[in-house]
Amino acid sequence: VQLQASGGGLVEAGDSLRLSCAASGRTFRNSDMGWFRQAPGKGREFVAYIRWNRSSILYADSVKGRFTISRDNAKNTVSLQMNSLKPDDTAVYSCAAAKGQIILTQRSEENQYIWWGQGTLVTVSS
């Protein structure tokens, strides 16, 4: 699976952005997907997860209620709608794909994802 993230940019606090991740490869439809982010000077952190069939979704506490993950298996895309953005959301956002289904307790674990996109920068000014 090859992943290409897009949609980042410079916005003001309170604005919205929609990130998209285009995937190639036949295994996408059976792959759980996640979004991670890495802020300047910090480690990568989990943002959101969606199961291959949309039956399970998980968000980091820091984005719950503001971000929405979705996927379109017919179009091989996964999206992250980000509302009410805050300066703390500034980071490089990357999409990632697992090989199949991740067990519930490990949905936010980086090591469960084996394919990664190159990332798209989101900058939120105050």
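All values reported here derive from a predicted model rather than from experimental measurement.
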Requested in this report: Mind listing the closest non-hydrogen atom pair of Val1 and Ala23 along with its distance?
Outcome: CG1-CB, 4.1 Å
Query - In one Ile/Leu/Val/Met/Phe/Trp/Tyr side-chain cluster, 4.5 Å: Tyr113, Ile57 - result: no
Requested in this report: Can you see which heavy atom on Ala13 is nearest to which on Ser126, and at what distance?
Outcome: CB-CA, 4.4 Å
**Report entry** Validation row: Trp116, Arg44 side chains within 4.5 angstrom (heavy atoms)
**Finding:** yes
Query raised in the report: Nearest 0.5 Å, what's the NZ-OG1 distance between Lys42 and Thr90?
Result: 10.0 Å
Report task. Please test Arg66 against Met82 for side-chain contact (heavy atoms from CB on, under 4.5 Å), starting from the C-alpha separation and ending with a verdict. Result -> CA-CA 6 Å; Arg66 300 187 297 121; Met82 306 186 296; over 6 Å; no
Query raised in the report: Going hydrophobic residue to hydrophobic residue with side-chain gaps under 4.5 angstrom, can you get from Ile50 over to Leu3?
Result: yes
Query raised in the report: Is Leu80 reachable from Val63 through a run of hydrophobic residues whose side-chain heavy atoms are each under 4.5 Å from the next?
Result: yes
Query - Verdict with supporting geometry, Trp52 and Gln101, side-chain hydrogen bond (donor to acceptor under 3.5 Å, both in side chains) - result: CA-CA 7 Å; Trp52 64 274; Gln101 184 168 301; 3.0 Å; yes
Query - CG-OG1 distance between Leu121 and Thr123, expressed to the nearest 0.5 angstrom - result: 3.5 Å
Query raised in the report: Considering residues at least two apart in sequence or located in another chain, which fulfil the side-chain hydrogen bond (donor to acceptor under 3.5 Å, both in side chains) criterion with Gln38?
Result: none
Query raised in the report: Are Val47 and Val92 joined in one hydrophobic group, where the rule is that I, L, V, M, F, W and Y side chains link up if heavy atoms are under 4.5 Å apart?
Result: no
Query raised in the report: With no hydrogens and no angle check, is any side-chain donor or acceptor of Thr120 less than 3.5 Å from a backbone partner on Ser6?
Result: no
Report task. With the side chain counted from C-beta on, respond yes when Ser79 and Arg71 share a heavy-atom pair under 4.5 Å apart, and no when they do not. Result -> no
Query - Sub-4.5 Å side-chain heavy-atom contact between Ser16 and Gln81 - result: yes
Query raised in the report: Stepwise, does the side-chain hydrogen bond (donor to acceptor under 3.5 Å, both in side chains) test hold for Ser56 with Arg107?
Result: CA-CA 10 Å; Ser56 176; Arg107 291 172 293 175; 2.7 Å; yes
Requested in this report: Give a yes or no on whether a salt bridge exists between Lys99 and Asp32, defined as a side-chain N under 4.0 angstrom from a carboxylate O.
Outcome: no
Requested in this report: Indicate the atoms forming the closest heavy-atom contact of Gly25 with Asn76, along with that distance.
Outcome: O-ND2, 3.8 Å
**Report entry** Residue of the set Asp89, Asn83, Leu19 for which side chain to side chain contact (heavy atoms under 4.5 Å, CB included) holds with Phe67
**Finding:** Asp89
Query raised in the report: Near Glu45 CD, under 6.0 Å, is it more than 12 heavy atoms from other residues, nucleotides or ligands?
Result: yes
Query raised in the report: Taking all atoms of both residues into account, what is the closest heavy-atom pair of Ala97 and Ser31, and its distance?
Result: CB-CB, 4.5 Å
Requested in this report: Working to the nearest 0.5 Å, report the span between CH2 of Trp35 and SG of Cys21.
Outcome: 5.0 Å
Query raised in the report: With a 4.0 Å cut-off, would you call Lys64 and Asp61 a salt bridge?
Result: yes
Report task. Can you measure from CZ (Arg29) to CG (Asn73) and round to the nearest 0.5 angstrom? Result -> 7.0 Å
Requested in this report: Any chance you could measure Gln118, atom CD, to Ser94, atom OG, to the nearest 0.5 Å?
Outcome: 7.5 Å
Report task. Determine yes or no for a side-chain-to-main-chain donor-acceptor pair under 3.5 angstrom, with Arg51 supplying the side chain and Ile102 the backbone. Result -> yes
Report summary line: d(Met33 CE, Ile69 CD1) to nearest 0.5 Å is 7.5 Å
Query raised in the report: Heavy atoms, side chains only, cut-off 4.5 Å: are Leu17 and Leu85 in contact?
Result: yes
Requested in this report: Please step through side-chain contact (heavy atoms from CB on, under 4.5 Å) for the pair Ser70 and Arg18, ending with a clear verdict.
Outcome: CA-CA 11 Å; Ser70 61; Arg18 185 176 182 86; 3.7 Å; yes
Query raised in the report: By ring-ring contact (aromatic ring centres under 6.0 Å, His included), which residues pair with Phe46, not counting sequence neighbours?
Result: Phe36
